[in-house]
Amino acid sequence: MNFSDLYNQSINDKQAFWGEQAKRIYWHQQPTQILDDSKLPFAKWFVGGETNLCYNMVDRHLENRAEQDAFVWVSTEINAEMIDNYPNIQKAFKALGNPVELYTDYAKRRLTYNDLYKEVNYFADVLKRHGIDKGDRVVIYMPMILEAAYAMLACVRIGAIHSVVFGGFASHNLAVRMDDAEAKMVITVDAGLRGGKLINYKNLVNKAVEEAKVKTRVLVIDRGIMPYTAEPQDIDYATERATSADNNAKVDCVWLESNAPSYLLYTSGTTGTPKGVQRDTGGHAVALATAMDFVYNGKAGETFWAISDIGWAVGHSFSIYAPLLTGMTSIIYEGLPTTPNPGIWWRIVEANKVNILLTAPTGVRMLRKQDEMWMSRHDISSLKSFFLAGEPLDEPTAQWLTGHMGVPIIDHYWQTESGWPILSHAPKFADNPDHKPHKQGTPGYPMFGFDAKVINETTGEPCQANEKGMLVLAAPLPPGCLATVWRNDERFINGYFSLLDGKQYATSDYAVMDEYGYYYILGRTDDVINVAGHRLGTKEIEEAIGHHPEVAESAVVGIHDELKGELPIAFCILKNHDLVAETENRFRIEQQIVGEVARQLGALAKPAAIYFPKALPKTRSGKILRRSIKALAEGKETGDMSTLDDPTAIEAVRQAMADY
Ligand code: ATP
Ligand code: MG
């Protein structure tokens with residue numbers, strides 16, 4: 001099969017291409033129309049078709065894969081030794097029907113499609129008995145445990161709309177999202193652990209319930225980590241599950257019209273207030289089944305591991321939806337990349353024969369700071385490819401990883417809004433002689449149905465090869481992309497389609513396309529700074545800094561300057577922070593960084609100041625919050641910090657500036 005023929009068909013004959021892809025899923029009722037584009041930029045895919053995501057992900061596989069693992073859960077937060085301090089954890093596993101295997105430094109559970117079918121039916125039964133119905137919104141605020149997956153699947157089984165909120169968000173942000181979604185129920189846990197540190201989910205939910213305007217019930221998965229007092233709105237999941245299990249409860253799948261919403265997910269909030277991305281049902285299923293095959297080359301029976309929180313788009317699409325739609329095994333991991341040691345990812349790959357990995361560069365950079373020996377202790381020969389997305393993949397990290405992995409390291413580009421890759425390489429088609437070869441340093445070329453272009457955003461004119469502009473996508477967006485912003489069609493139109501003729505989706509990322517058709521992302525449109533009339537991407541400066549062998553990661557922001565408009569300021573994380581305690585080292589590294597930036601980008605790009613904080617503020621999905629760093633550097637308020645991962649990182653940045 002030839003990639004470009006298929007791609008061209010996906011753009012020029014959408015009906016034929018997507019009509020064919022629609023055969024990948026089970027339709028209770030066939031669509032009567034593949035695409036309704038009469039009200040662009042709103043697009044309706046597979047109109048009149050009726051399907052159910054849970055049926056396609058679970059029930060459909062019972063015939064051939066009942067005994068194959070659907071999920072393997074690994075937790076390095078729970079293990080045989082720590083359980084001595086938390087005697088109730090084991091009881092809780094029993095009460096939840098979870099026969100977990102405990103080892104000295106991790107816990108594990110394998111769950112077959114048959115097991116999953118049972119648990120999802122129990123979960124759906126509990127939801128139904130507590131009044132959750134088609135169209136109701138359910139907020140899921142949970143750590144990386146299997147019950148989070150059951151909850152998502154149970155919701156789509158009965159036609160309820162889930163909205164997963166990152167575990168670890170403060171209660172205020174949870175309350176805001178509960179209100180925005182008008183949630184009827186919140187599903188949570190007593191507590192979670194992160195690097196051994198207790199996270200009191202239940203307490204945070206209590207506060208959110210108090211603050212929120214909506215009235216919600218709270219379904220609590222009690223993990224036995226922390227005792228809590230039940231509130232009137234609480235429902236204990238283990239007790240309810242026991243009733244459902246005693247009745248051997250089965251809940252029918254609710255057949256939904258293809259365009260019925262399946263879930264809401266808020267964007268990472270890197271650039272401002274998060275947007276409630278609304279996903280449909282049929283288009284979502286078809287798009288992810290297609291992406292798993294054509295983009296990731298994943299096959300039924302193989303094992304996929306998206307190392308991501310379920311609260312992020314990657315966690316939705318590639319920890320839960322796409323692998324199960326395809327009949328694969330998906331790894332769910334609760335734990336950090338560095339505990340019990342920095343070899344944990346590779347150990348999990350080895351133990352579970354993982355075929356395809358997907359994560360964000362931030363985790364890889366974390367590993368790059370560790371002893372190299374951890375990179376070669378395990379047999380990772382089961383791997384076919386390793387995909388990265390979410391942030392720019394800098395060249396040094398890509399090269400370092402390639403050296404250790406021995407498989408293609410594939411940078412690909414997408415957004416919460418798209419739900420699946422917009423730009424990627426497609427290794428499935430690599431054998432075809434006409435195929436664009438895999439190239440390091442680029443997230444590739446447009447994927448199926450993404451009619452991408454780089455344009456000058458003021459004139460609307462398409463850019464020449466190698467000329468910088470904004471990456472836009474022609475409406476209609478392909479299946480699987482956001483249908484609208486939840487209850488805010490206006491924000492959908494104004495936030496994404498306000499350029500020129502209103503028919504181009506603005507990604508708000510700068511890009512160039514080279515003469516061979518490879519794209520390069522140059523950073524966000526709001527991460528561009530203007531130094532004495534010259535526009536510089538902060539990302540380009542960060543890349544130059546990344547070539548310094550002692551730098552693990554950096555963030556560059558522009559601060560206001562009377563004379564030049566803006567000046568770049570760099571915040572660098574060193575592989576060994578202690579180095580800069582000595583003024584001499586610090587001075588040397590600063591000089592080298594400045595020299596490297598000047599050499600690569602010219603004197604204008606030289607950072608006016610370089611700070612060495614111990615940490616950088618990031619969102620829970622691993623993105624550097626440049627807008628907060630910028631605010632700090634300009635002595636302003638840090639703004640909406642709701643999606644901040646580690647609050648001490650803000651202090652670290654402040655400290656580094658004070659130390660200067
Ligand atoms: P918000 O939209 O709320 O400000 P966000 O844009 O960070 O948050 P996401 O949808 O998680 O939320 O991230 C998508 C963005 O991440 C892209 O628009 C792009 O800026 C960046 N990105 C994703 N993948 C890549 C990549 N491979 N290379 C460079 N940048 C990437
Ligand atoms: Mg965005």
Side-chain angles (χ1 to χ4, degrees), residues 164 166 169 173 176-177 264-277 279 295 306 308-318 358-362 364-365 386-395 397-398 401 409-425 439-447 450 452 470-473 481-482 485-486 491-492 495-496 505-512 518-528 537-540 542-543 546 555 617-628 639-645:
V164 181
F166 269 136
F169 272 174
N173 313 300
V176 169
R177 286 165 177 73
L264 314 178
L265 178 63
Y266 293 86
T267 57
S268 298
T270 312
T271 49
T273 329
K275 300 159 280 255
V277 165
R279 202 84 66 204
V295 182
S308 156
D309 195 282
I310 45 152
W312 187 31
V314 167
H316 276 60
S317 294
F318 292 100
L358 163 52
T359 194
T362 174
V364 177
R365 283 192 209 111
F386 190 162
F387 288 83
L388 291 143
E391 268 226 288
L393 175 64
D394 54 290
E395 193 99 17
T397 302
L401 196 58
I409 303 300
I410 303 176
D411 181 16
H412 65 331
Y413 162 91
W414 48 298
Q415 304 184 316
T416 307
E417 290 88 342
S418 70
W420 60 287
I422 297 169
L423 303 173
S424 182
H425 285 84
K439 201 152 131 187
Q440 207 61 261
T442 153
Y445 35 87
M447 291 293 109
F450 288 105
M470 196 203 276
L471 179 68
V472 297
L473 310 166
C481 295
L482 81 167
V485 174
W486 174 247
R491 195 168 179 198
F492 177 73
Y496 298 105
Y505 169 92
T507 62
S508 294
D509 287 311
Y510 280 125
V512 293
Y518 292 98
Y519 284 69
Y520 300 81
I521 300 294
L522 303 179
R524 296 161 188 270
T525 46
D526 31 357
D527 281 342
V528 166
T538 53
K539 188 203 153 208
E540 298 164 75
E542 288 164 10
E543 282 210 338
K618 291 185 177 177
T619 64
R620 280 289 315 256
S621 52
K623 292 162 194 286
I624 299 171
L625 277 164
R626 289 180 188 75
R627 67 179 158 85
S628 308
D640 180 7
M641 297 301 288
S642 61
T643 62
L644 183 68
D645 181 31

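All residue numbers in this chain count up from 1 along the given sequence. Indexing begins at 1, ligand by ligand and atom by atom, following the structure's order.
Atoms of ligand 1 lying under 4.0 Å from any heavy atom of Pro392, numbered from 1 in the order shown and given with element: 28 (N), 29 (C), 30 (N). Atoms of ligand 1 lying under 4.0 Å from at least one heavy atom of His412, given by number and element, are 24 (N), 26 (C), 27 (N). Numbered from 1 in the order shown, with element, the atoms of ligand 1 that lie under 4.0 Å from a heavy atom of Trp312 read 11 (O). Close contacts of ligand 1 with Asp509, meaning ligand atoms under 4.0 Å from a residue heavy atom, involve 17 (C), 18 (O), 19 (C), 20 (O).
Some N or O of Gly390 is nearer than 3.5 Å to an N or O of ligand 1, by distance alone. The N/O atoms of Lys275, backbone and side chain alike, include one that comes under 3.5 Å of an N/O atom in ligand 1.
Inter-residue side-chain proximity for Ile410 and Ser424 is flagged as met; some heavy-atom pair is nearer than 4.5 Å. Side-chain contact between Phe492 and Glu417: absent, with no pair of heavy atoms (C-beta onward) separated by less than 4.5 Å. Side-chain contact between Asp411 and Thr442 is absent, with no heavy atoms from C-beta onward closer than 4.5 Å. Residues Thr397 and Leu388 fail the side-chain proximity criterion, which asks for heavy atoms closer than 4.5 Å.
Legend: residues meeting side chain to side chain donor-acceptor pair (under 3.5 Å) with Tyr445, ordered by chain and number and at least two apart, are His435. Checked against side chain to side chain donor-acceptor pair (under 3.5 Å), Gln440 has the following partners two or more places apart in sequence or in another chain: Thr402.
Across Arg524, Glu391, Lys539, heavy-atom proximity to atom 15 (C) of ligand 1 is greatest for Arg524.
Neither the backbone nor the side chain of Leu423 comes within 4.0 Å of ligand 1, counting heavy atoms alone. Contacts with ligand 1 closer than 4.0 Å are made by heavy atoms of both the backbone and the side chain of Thr416. The part of Lys623 lying near ligand 1 is the side chain, judged by heavy-atom distances below 4.0 Å.
Not less than 6.0 angstrom separates the ring centroid of Phe450 from the ring centroid of Trp414.
Within the 4.0 Å heavy-atom cutoff, Leu393 does not count among the residues contacting ligand 1. Distances shorter than 4.0 angstrom do not occur between any heavy atom of Tyr266 and any atom of ligand 1.
A salt bridge between Glu391 and Lys618 is absent, with no side-chain N of the basic residue lying under 4.0 Å from a carboxylate O of the acidic one.
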